[in-house]
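All chains are named by letter (A, B, ...) in the order of the sequence lines, taking the proteins before the strands, and each is independently numbered beginning at 1.
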Amino acid sequence: MPRTDEAEAFFHAAYTAIQEIPYGKVTSYGHIAKLIGTPQRPRQVGVCLKHLSSDTTHNFHNGNVPWQRVINSKGMISPRGHPSGAANQARVLRGEGVTVNSGSLGELLVDFSEYGWFPRQLPSEEAAGLTPHIDSDEE
DNA sequence: GCTTTGACGGGCA
DNA sequence: ATGCCCGCCAAAG
């Protein structure tokens with residue numbers, strides 16, 4: 001878990017954003033970063049997912065956060081050192097009906113035009129009114 | 001505690 | 001179109 005309070009807030013925001021990704025859809029680390037207001041830290045989003053554990057006592061865990069729906073901007077499942085991880089992610093995505101194409105080197109690609117989920121903002125943010133809307137004199 | 005790594009991304013050569 | 005480089009910053013070594 002994060003050490004600093006700031007990091008913890010980031011983790012929380014990232015996990016929450018990822019939970020908004022609909023079943024059978026995918027988005028990129030970069031987009032999640034943008035959604036939570038830190039467009040310059042897509043890597044940190046990856047760090048958050050890396051830290052997801054199977055410990056269901058924790059507020060966020062891999063059964064709670066659809067980690068598999070987050071891929072890189074090229075539309076491919078990021079290889080993390082050990083290939084089995086990406087292979088597993090591909091398997092889970094296929095289980096959601098997502099077509100994952102195999103590249104020459106075994107890279108797993110997803111077609112954003114088909115499965116991409118890139119809303120301007122999170123539905124939860126709109127609902128929470130976190131996004132300021134024009135309500136009287138300002139524009 | 002300091003250095004290197006890394007589930008990224010965009011820009012430039 | 002491919003590939004290298006740099007920025008970011010928490011974790012791991």
- For A:Asn64, which residues count as a side-chain hydrogen bond (donor to acceptor under 3.5 Å, both in side chains) partner, sequence neighbours excluded? A:Gln19, A:His61
- Task: Work out which heavy atom in A:Ala86 is nearest to a heavy atom in A:Pro79; give both atom names and the distance.
- Result: CB-CA, 4.4 Å
- Query: Once you round it to whole Å, what is the distance between P of C:dC8 and CD of A:Gln40?
  - Reply: 6 Å
- Could you state the atom-to-atom distance from CD of A:Gln44 to P of C:dG7 in whole Å? 15 Å
- Listed partners of A:Phe60 passing ring pair (Phe, Tyr, Trp, His ring centres under 6.0 Å), at least two apart: A:His12, A:Tyr15
N/O donor-acceptor pairs under 3.5 Å from side chains in residues 70-78 of chain A, not counting sequence neighbours:
{"residue": "A:Asn72", "atom": "OD1", "partner": "A:Lys74", "partner atom": "N", "Å": "3.0"}
{"residue": "A:Asn72", "atom": "OD1", "partner": "A:Gly75", "partner atom": "N", "Å": "3.3"}
{"residue": "A:Asn72", "atom": "OD1", "partner": "A:Met76", "partner atom": "N", "Å": "3.0"}
{"residue": "A:Asn72", "atom": "ND2", "partner": "A:Met76", "partner atom": "O", "Å": "3.2"}
{"residue": "A:Asn72", "atom": "ND2", "partner": "A:Ser78", "partner atom": "OG", "Å": "3.2"}

- How close or far is atom C1' of C:dA10 from atom CD1 of A:Ile36, stated in whole angstroms? 13 Å
- Check side-chain contact (heavy atoms from CB on, under 4.5 Å) between A:Arg94 and all other residues, then give those that pass, not counting sequence neighbours. A:Ala90, A:Val100, A:Ser102, A:Leu108
- Any residue meeting side-chain hydrogen bond (donor to acceptor under 3.5 Å, both in side chains) with A:Ser54, in chain and number order, not counting sequence neighbours: none
- Message: Please classify the nucleic acid contact of A:Ser28 as base, sugar-phosphate, or nothing, using heavy-atom distances under 4.0 Å.
- Response: sugar-phosphate
- Item | Protein-nucleotide distance (A:Leu49, atom CG; C:dA10, atom C1'), rounded to Å | 14 Å
- Roughly how far apart are A:Ile18 CD1 and A:Ile36 CD1, rounded to 0.5 Å? 8.0 Å
- residues 36-65 of chain A vs salt bridge (charged side-chain N to carboxylate O under 4.0 Å, His left out), sequence neighbours excluded, gives none
- Note on the structure: First and last nt of DNA chain B near chain A, cut-off under 4.0 Å to heavy atoms, 5' to 3', are B:dG6 to B:dG9
- Residues of residues 68-78 of chain A with a heavy atom under 4.0 Å from any atom of DNA chain B, listed by number, are A:Asn72, A:Ser73, A:Ser78
- Item | Polar pair under 3.5 Å, donor/acceptor by atom type, side chain A:Arg43, base C:dG7 | yes
- For atom NE2 of A:His51 and atom P of C:dA10, their distance in whole Å: 11 Å
- Message: Which is more 5' along DNA chain B, the nucleotide nearest A:Lys34 or the one nearest A:Trp67? Just name the residue.
- Response: A:Trp67
- Task: Quick one: list whatever passes side-chain hydrogen bond (donor to acceptor under 3.5 Å, both in side chains) with A:Arg80, sequence neighbours left out.
- Result: A:Gln89
- Task: Kindly write out the residues that satisfy side-chain hydrogen bond (donor to acceptor under 3.5 Å, both in side chains) with A:Glu96, not counting sequence neighbours, or none if the list is empty.
- Result: A:Gln68, A:Arg69
- Where DNA chain B forms runs of at least three Watson-Crick or G-U pairs (i with j, i+1 with j-1, under 3.5 Å), the stems are B:2-6 with C:9-13, B:8-13 with C:2-7
- Which is true for A:Pro39 with a 4.0 Å heavy-atom rule: it touches a base, it touches only sugar-phosphate, or it touches nothing? nothing
- In chain order, what residues pass the side-chain contact (heavy atoms from CB on, under 4.5 Å) check against A:Pro22, with sequence neighbours excluded? A:Lys25, A:Trp117
